[in-house]
Amino acid sequence: MSTERVVGVGTGAAGFDPAYERGGAGSDLPTTDMVLNIGPQHPATHGVLRLRLTLDGERIVSCEPIIGYMHRGAEKLFEVRDYRQIIVLANRHDWLSAFANELGVVIAVERMMGLEVPDRAVWLRTLLAELNRVLNHLMFLGSYPLELGAITPVFYAFRERETIQAVMEELSGGRMHYMFNRVGGLKEDLPYGWLGRAAAASAAVRKRLPDIEEIILGNEIFRARTIGIGKLAPELIAQYGVSGPIARASGVDADLRRDEPYLAYGDLQDVLRVVTRPEGDCYARFSVLLEQVKVSLDLVDACLDKLSAMPAGPVNVRLPKILKVPEGQTYAWTESPLGINGYYLVSRGDKTPWRLKLRSASFNNISALPALLPGTMIPDMIAILGSMFFVVGDIDK
């Protein structure tokens with residue numbers, strides 16, 4: 001934390017005098033505001049995010065997120081790369097959801113070209129998207145308690161991540177940036193015996209997941225730091241375009257996998273369960289994330305069963321060496337692990353996009369902080385910020 005400008009110092013009563021907290025006699029003491037920077041180099045900001053806080057004692061009066069420290073100009077770079085090359089750029093803005101990022105781009109291009117992806121590739125994409133969702137959620141299930149002072153859960157979470165990472169790396173050759181999607185399908189078919197190893201990994205994670213649940217959700221310190229803290233109202237969800245597990249933790253029953261099915265989700269409606277909570281606080285957001293891992297594992301098992309029963313077949317379509325997309329425009333959106341990712345593609349018939357606008361989940365989710373943080377205490381800000389489940393690269397692009 002660094003103090004940018006001290007306008008004045010409070011009496012020191014805030015956070016210590018019960019009368020001050022109740023708005024009693026202590027609150028009549030004269031105080032002046034202080035401006036405090038959280039970040040851009042601070043562990044709780046998940047990277048180079050800066051929050052400019054105005055404080056009255058220890059209570060937050062206003063919050064201004066200052067972003068752009070990791071801006072790469074990805075959308076302009078899209079315009080000078082062909083449709084095969086932009087997949088490399090697209091999977092990097094949210095480095096915890098690389099496969100999901102690739103999906104939106106290839107779906108948009110395939111829609112413009114009128115391509116029909118082989119059925120086997122559709123189911124494989126669905127399987128890998130859910131495995132990637134599990135990897136994303138496990139990262140936050142381990143890192144969020146770490147920010148609240150609990151060190152042990154991150155080791156449990158990373159044990160499960162490594163189990164899933166092993167099968168993803170075997171298939172794609174990459175640990176984080178898979179580059180496995182292609183326009184018209186996937187890079188290649190599965191290695192021999194991979195489905196069995198993926199099923200074993202899913203079963204192992206499912207068996208050990210209660211360890212994480214027991215060690216965190218039942219912890220009285222964790223509950224005290226999260227229950228009733230950072231309540232996000234459904235009205236704010238709508239105003240700021242918040243989506244994903246954060247929105248569903250506030251009772252917003254929305255999931256594109258169910259509401260506008262893509263890939264093979266239309267055939268998985270009996271397995272897909274949309275997890276919601278009514279409370280909208282930090283605890284609800286964390287519990288939604290944990291429950292969604294279980295749902296994703298159910299979807300993984302269903303995809304594995306389908307692929308095991310499916311005969312061998314192609315996983316991509318043959319395309320010309322120089323890929324040109326017909327003139328026109330389209331908008332494709334997907335339910336990425338952190339929320340809705342949208343891809344607005346405009347083509348003028350060339351081998352590169354004329355425009356590819358990216359709507360990232362983290363940008364909208366973090367934009368609600370100025371409305372969410374005022375009135376809270378600094379220690380609660382750390383708990384709230386961590387529960388917004390964002391990736392800085394996904395904000396800055």
Side-chain angles (χ1 to χ4, degrees), residues 46-47 90-107 125-144 157-158 160-161 163-165 167-168 172 174-178 180-181 202 205 209 212 241-249 252 254-265 268 272-277 284-300 303 332-343 358-366 386-395 397:
H46 296 271
N91 73 11
R92 279 163 167 75
H93 59 88
D94 175 2
W95 45 79
L96 297 179
S97 312
F99 190 87
N101 299 340
E102 298 170 10
L103 268 179
V105 173
V106 296
I107 288 175
R125 280 179 173 180
T126 310
L127 167 62
L128 297 174
E130 292 306 315
L131 286 172
N132 194 193
R133 194 182 308 274
V134 172
L135 285 172
N136 175 287
H137 291 355
L138 283 171
M139 173 61 81
F140 289 105
L141 291 175
S143 66
Y144 182 52
F158 266 77
E160 311 315 323
R161 272 181 59 85
T163 303
I164 302 293
Q165 284 281 26
V167 294
M168 292 290 282
S172 67
R175 283 184 59 83
M176 292 184 68
H177 304 299
Y178 306 110
F180 200 63
N181 275 291
S202 174
V205 173
L209 198 60
I212 300 177
V242 177
S243 59
I246 300 174
R248 291 190 284 273
V252 178
D255 191 318
L256 289 181
R257 295 174 296 173
R258 179 200 62 193
D259 302 333
E260 293 192 23
Y262 56 99
L263 297 182
Y265 290 115
L268 292 168
L272 176 62
R273 178 169 52 90
V274 179
V275 181
T276 61
R277 296 286 186 275
R285 290 190 280 273
F286 186 86
S287 64
V288 164
L289 214 63
L290 183 60
E291 194 65 26
Q292 282 191 173
V293 172
K294 301 176 184 177
V295 174
S296 289
L297 290 174
D298 290 340
L299 292 168
V300 165
C303 290
W333 56 353
T334 61
E335 187 70 37
S336 291
L338 298 181
I340 293 176
N341 275 5
Y343 302 83
L358 171 61
R359 187 265 192 214
S360 62
S362 294
F363 181 87
N364 288 72
N365 292 352
I366 216 68
S387 73
M388 297 304 283
F389 308 134
F390 62 89
V391 171
V392 173
D394 201 38
I395 300 172
K397 296 173 285 187

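Under the rule for a side-chain hydrogen bond (donor to acceptor under 3.5 Å, both in side chains), the partners of E102 that lie at least two apart in sequence or sit in another chain are N91, N181. For S97, the side-chain hydrogen bond (donor to acceptor under 3.5 Å, both in side chains) test picks out D94, N136, with sequence neighbours left out. With sequence neighbours excluded, the residues that form a side-chain hydrogen bond (donor to acceptor under 3.5 Å, both in side chains) with Y265 are E130. For R92, the side chain to side chain contact (heavy atoms under 4.5 Å, CB included) partners two or more places apart in sequence, or in a different chain, are R72, V88, H177. By the side-chain hydrogen bond (donor to acceptor under 3.5 Å, both in side chains) test, Q292 is found to be paired with H137, R248, residues two or more places apart in sequence or in another chain being considered. The side chain to side chain contact (heavy atoms under 4.5 Å, CB included) check on S336 picks up A100, T334, N341, with sequence neighbours excluded.
The closest donor-acceptor contact from the side chain of R161 to the backbone of L135 lies under 3.5 Å. One N or O on the side chain of K397 and one on the backbone of L358 form a donor-acceptor pair closer than 3.5 Å. Using modelled atom types, one side-chain atom of N365 and one backbone atom of S243 make a donor-acceptor pair closer than 3.5 Å. The closest donor-acceptor contact from the side chain of S362 to the backbone of V391 lies under 3.5 Å. Here the side chain of T126 pairs a donor or acceptor atom with the backbone of A264 at under 3.5 angstrom.
Using a 4.5 Å heavy-atom threshold, the side chains of Y343 and N101 count as touching. With a 4.5 Å cut-off on side-chain heavy atoms, R359 and W333 do not count as touching. Under the 4.5 Å side-chain criterion, counting only non-hydrogen atoms from C-beta, I212 is in contact with E160. In this structure the side chain of R258 never reaches within 4.5 angstrom of the side chain of R273, judged on heavy atoms. Counting heavy atoms from C-beta on, the side chains of R277 and R285 never come closer than 4.5 Å. For the pair F180 and L128, the minimum side-chain heavy-atom distance is below 4.5 Å. D394 has its side chain out of reach of W95: every pair of non-hydrogen atoms, C-beta onward, lies at least 4.5 Å apart. In this structure the side chain of L338 never reaches within 4.5 angstrom of the side chain of L96, judged on heavy atoms.
Taking both residues in full, the closest heavy atoms of E335 and R257 are given as CB-CG, 3.9 Å, listed atom of the first, atom of the second, then distance. R133 and S296 get closest at one heavy-atom pair: CD-OG, 3.2 Å. Contact detail for N364 and G241: the closest heavy-atom pair is CB-O, 3.4 Å. Considering every non-hydrogen atom in both R125 and F99, the closest pair reads O-CE2, 3.4 Å. Nearest heavy-atom pair, D255 versus V274, reported as atom, atom and distance to 0.1 Å: CB-CG2, 3.7 Å. When all heavy atoms of A254 and D259 are compared, the pair lying nearest together is CA-OD2, 3.5 Å.
Distance check: I395 CD1 to I366 CD1 gives 5.0 Å after rounding to the nearest 0.5 Å. The structure places OG1 of T163 at 13.5 Å from CE of M168, a figure rounded to the nearest 0.5 Å. Here the straight-line distance linking atom CD1 of I340 with atom CG of L256 works out to 4.5 Å at 0.5 Å rounding.
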The test is side-chain contact (heavy atoms from CB on, under 4.5 Å); show your working for I246 and V288 and say whether it passes.
CA-CA 8 Å; I246 300 174; V288 164; over 6 Å; no
Apply side-chain contact (heavy atoms from CB on, under 4.5 Å) to residues V134 and L297 and explain how you reach the verdict.
CA-CA 8 Å; V134 172; L297 290 174; 4.1 Å; yes
side-chain contact (heavy atoms from CB on, under 4.5 Å) between F158 and L138, intermediate numbers included
CA-CA 7 Å; F158 266 77; L138 283 171; over 6 Å; no
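Ring-plane geometry between F286 and Y144 is classed as tilted, the angle between the planes lying from 30 to 60 degrees on a 0 to 90 degree scale.
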